[in-house]
Amino acid sequence: MLARLLLILLLPALAGCSSWVPAWNAEKWDVTRLRDPRASDIDRRLSERPPTSVRTPFGSAADAE
């Protein structure tokens with residue numbers, strides 16, 4: 001019970017102190033910098049809109065008849 005009380009009292013103080021400490025570097029803890037650039041490129045390409053007219057190289061079904 002005492003440990004919970006101390007945690008409840010100290011948690012806001014620790015969170016407040018970490019916001020003004022000049023040594024805190026948020027860029028160091030950013031996990032997006034660890035992402036493979038190839039995966040980012042694939043995600044970017046997949047999120048783009050496909051071309052409006054896609055033609056098959058084998059011709060259409062109407063051409064086969």
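Since this is a predicted model, take the numbers as computed values, not measurements.
- Partners of R33 according to the side chain to side chain donor-acceptor pair (under 3.5 Å) rule, which considers only residues two or more places apart in sequence or in another chain, do not exist here.
- Listed by chain and number, the hydrophobic cluster partners of I42 are L46, where partners are ILVMFWY side chains within reach of under 4.5 Å, directly or through others.
- For R35, the side chain to side chain donor-acceptor pair (under 3.5 Å) criterion is met by D43, not counting sequence neighbours.
- A search for side chain to side chain donor-acceptor pair (under 3.5 Å) contacts involving D30 returns T32, not counting sequence neighbours.
- With sequence neighbours left out, R38 forms a salt bridge (Lys or Arg N to Asp or Glu O under 4.0 Å) with D36.
- Chaining together hydrophobic side chains whose heavy atoms lie under 4.5 Å apart places L9 alongside L5.
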